[in-house]
Amino acid sequence: MKYLLTGVAAIALLTACGDKNKDKDGASPAGIELSDSKLPGVKLRKGDPATAPAVLSAFSLDQSGKGRVSFTGSEVKGAKAVFKNVTLVSAEEVTDAEGVADDGELNLKGSDLKAAEMSFEGLGMLNGKPNFSKIVLSDVSFVPKDPEENHGSSKIKSMELVNPSPETAAWIASLFGKGEAMDMPEGKALAFDLWSMKDVNFKIDEEEGQKGDFVISSVDVLGMKDEKAAQMGLKGLKLNMIDPTDDTDLKASLGGVDLRGVNLAVLKGMSADEAGSGAVASMLEVFQNDPANPGYDSVLIDDLKVAVSGADFDMPKLASKVSRDKKGRAVKVVTDPFKMTLGTSEGELGEKLGAQLALLGYEKLELSGQGEQTYDPDKDMVTIAKGKNFWKLDDGFRIDFSGQYEGASAMAAAQAKATAAETPVDPGAMMQDALDKMLIHNFQLAIDDDGFLARGFNAYAAQSGQDPQQLRSQVAGMMAMAPMMAAQSGVDPELVTEAATALSSFVTDPKTLTLTLAPAKPVRLADFAEMEDPSALTKTALGFSAKNE
């Protein structure tokens, strides 16, 4: 596993990928085409033969070994250059005896990159700075500096980068030079038209016995600009790993992933560790102005399979799409109907999972679902469409939910304030304003039992030695006492009686349990949280109803 991580990190040393199949403009094709939204074309910038030599010098490529790059031969024609048998020596990093860097992070810069060929097109100055329109590395491999770390192999058929920003080009130049390498550019400085890799193939063979293969047909990032990517795609992933030290085997495959209109500020902010960081601030600004924004325009996951020591997960397809208004604000998010399966096969985890499923009378779990939500930015209103939002377990249950509420922007602002705070804040005080502004207009939850309650009672009875029907009667009896307890606490007895009656009926004779809130005027969420006067939350005021039919 350590060798795999080393190879992946070495890829990051040189963000440049691709193949040699060109479109009519001379650039590589955009890559994965799993969804149908329009993508920007890729056209190479023109170079400048007059300044090409100066660019190569700035990249320490005017002679072999001038920087961290060596090669056995080169040819320069106009704004194009080709280098043969290239070696990029990775930057040295001071580590302790355990291979951990001074800052405590695992040292992953321990491999030199080798390529049969490295070619440039469009060499020339861009805004007075050295740049290029395309770099391609072919037949790439990674060789660990320490021979003792050579436990496997790593190969990439081709890597390509098209039309990088001056900052991105300067970063690559720093990787080639002898001086200290620059940090990878962030934010708007990180920009290019295309980054891709083709035919990634890693093999792991550790001394401790870990073995595995890691294969990807292609990885593409298209149209990176202003912290957004027009497309991020991956195709043909296969991973096989065996670790005898803990008797674990992992097999995973993925037909493809296609993300369109990815907002990197949002994604990076979600994963940022430091409160108040620039990434978090960018994310929060997006959410406050556009609270329904999930951080992408569309996502498609195709044919995902994961098997870990006999526990098997399968999801044929997951697709979600965002609609936006003329101001670019997210106003609708639709997740198409999807299915996923959790099953078992031979293996330690499979045996444990199979035993738990057997208690409930299942050989496997088959889940399905769907989602659709709309957002009105002017009214700050979220609508969860009725009949289009559900979770279903085959031979178990189906849960449908729908409703309307306003105050999403207030909630986003409260979360922004908490995340950006450099010192701990009182959660109660932080959320109070948001809860005051969040209003429930209506809500409905429907649970349709298809045998799950019976399975649950049977499983519990088998473990406790009780009769399933007796257990049902006991639970129903406890619910029958709820109105008496509610009367002592000040809660509307009519509301509790209707809820308890429906729940008791659902336990003894499960059909479809439906709970509804339809207040004459919107109810503040804070009223539920505070419960200063429970008697005010009456059945009539909430428009509450409960039934099992």
Side-chain angles (χ1 to χ4, degrees), residues 11-18 23 25-31 39-52 54-61 67-69 79-81 88 91 118-137 158-177 179-197 219-233 259-269 277-279 281-283 285-286 295:
I11 294 175
L13 283 175
L14 186 59
T15 303
C17 327
D23 62 16
D25 296 320
S28 294
L39 293 170
V42 177
K43 185 175 182 178
L44 297 182
R45 294 190 300 245
K46 291 183 178 180
D48 180 13
T51 58
V55 173
L56 291 176
S57 178
F59 277 71
S60 303
L61 293 174
R68 281 191 281 267
V69 178
K80 297 182 179 181
L88 169 61
M118 178 171 68
S119 64
F120 286 87
E121 294 185 40
L123 292 167
M125 294 294 178
L126 180 64
N127 299 327
K129 297 181 179 180
N131 212 319
F132 55 86
S133 60
K134 181 167 72 168
I135 179 176
V136 177
L137 286 87
S158 61
M159 307 170 67
E160 179 179 358
L161 179 65
V162 175
N163 296 337
S165 65
E167 295 87 351
T168 304
W171 172 61
I172 292 175
S174 76
L175 298 177
F176 289 168
E180 183 177 355
M182 299 168 54
D183 291 333
M184 184 176 178
E186 298 181 349
K188 295 184 178 181
L190 180 62
F192 48 82
D193 285 351
L194 175 67
W195 173 79
S196 72
M197 291 188 292
V219 179
D220 298 88
V221 179
L222 178 69
M224 176 69 71
K225 185 178 180 181
D226 296 331
E227 297 187 274
K228 293 182 179 180
Q231 179 192 35
M232 299 177 71
L259 283 162
R260 302 290 175 96
V262 183
N263 190 318
L264 296 183
V266 171
L267 297 182
K268 186 173 182 181
S277 69
S282 298
M283 175 194 70
E285 182 179 355
V286 170

Is the closest side-chain heavy-atom distance between Leu137 and Leu88 below 4.5 Å? no
Phe120 vs Leu61 side-chain heavy atoms within contact, under 4.5 Å: yes
Value rounded to 0.5 Å, distance of NZ in Lys80 from CD in Glu121: 4.5 Å
Is there a side-chain contact between Leu264 and Met232, using heavy atoms and a 4.5 Å cut-off? yes
Separation between CG of Asp220 and CG of Leu259, rounded to the nearest 0.5 Å: 12.5 Å
Please name all residues satisfying side-chain contact (heavy atoms from CB on, under 4.5 Å) with Ser60, sequence neighbours left out, ordered by chain then number. Lys66
Does the Ser174 side chain pair with the main chain of Trp171, one donor and one acceptor, at a distance under 3.5 Å? yes
Is there a donor-acceptor pair under 3.5 Å between the side chain of Asn163 and the backbone N or O of Lys43? yes
Taking all non-hydrogen atoms of both residues, which atom of Ala52 and which atom of Leu123 are closest, and how far apart? CB-CB, 3.8 Å
Less than 4.5 Å apart, any side-chain heavy atom of Val221 and any of Phe192? yes
Closest approach of Ala189 and Ser165, non-hydrogen atoms and distance? O-OG, 2.7 Å
Of all residues at least two apart in sequence or in a different chain, which pass the side-chain hydrogen bond (donor to acceptor under 3.5 Å, both in side chains) check with Thr51? Asp48
Using only atom types and a distance under 3.5 Å, with no angle test, would you say the side chain of Arg260 pairs donor to acceptor with the backbone of Ala230? no
Using the side chain to side chain contact (heavy atoms under 4.5 Å, CB included) rule, pick out the option among Met184, Glu227, Glu167, Lys225 that qualifies with Leu190. Met184
Please list, one pair per line, the donor and acceptor atoms closer than 3.5 Å that link side chains of residues 124-132 to other protein atoms, with sequence neighbours excluded.
from   : atom 1 : to     : atom 2 : distance (Å)
Asn131 : OD1    : Arg45  : NH2    : 3.3
Asn131 : ND2    : Pro164 : O      : 3.2

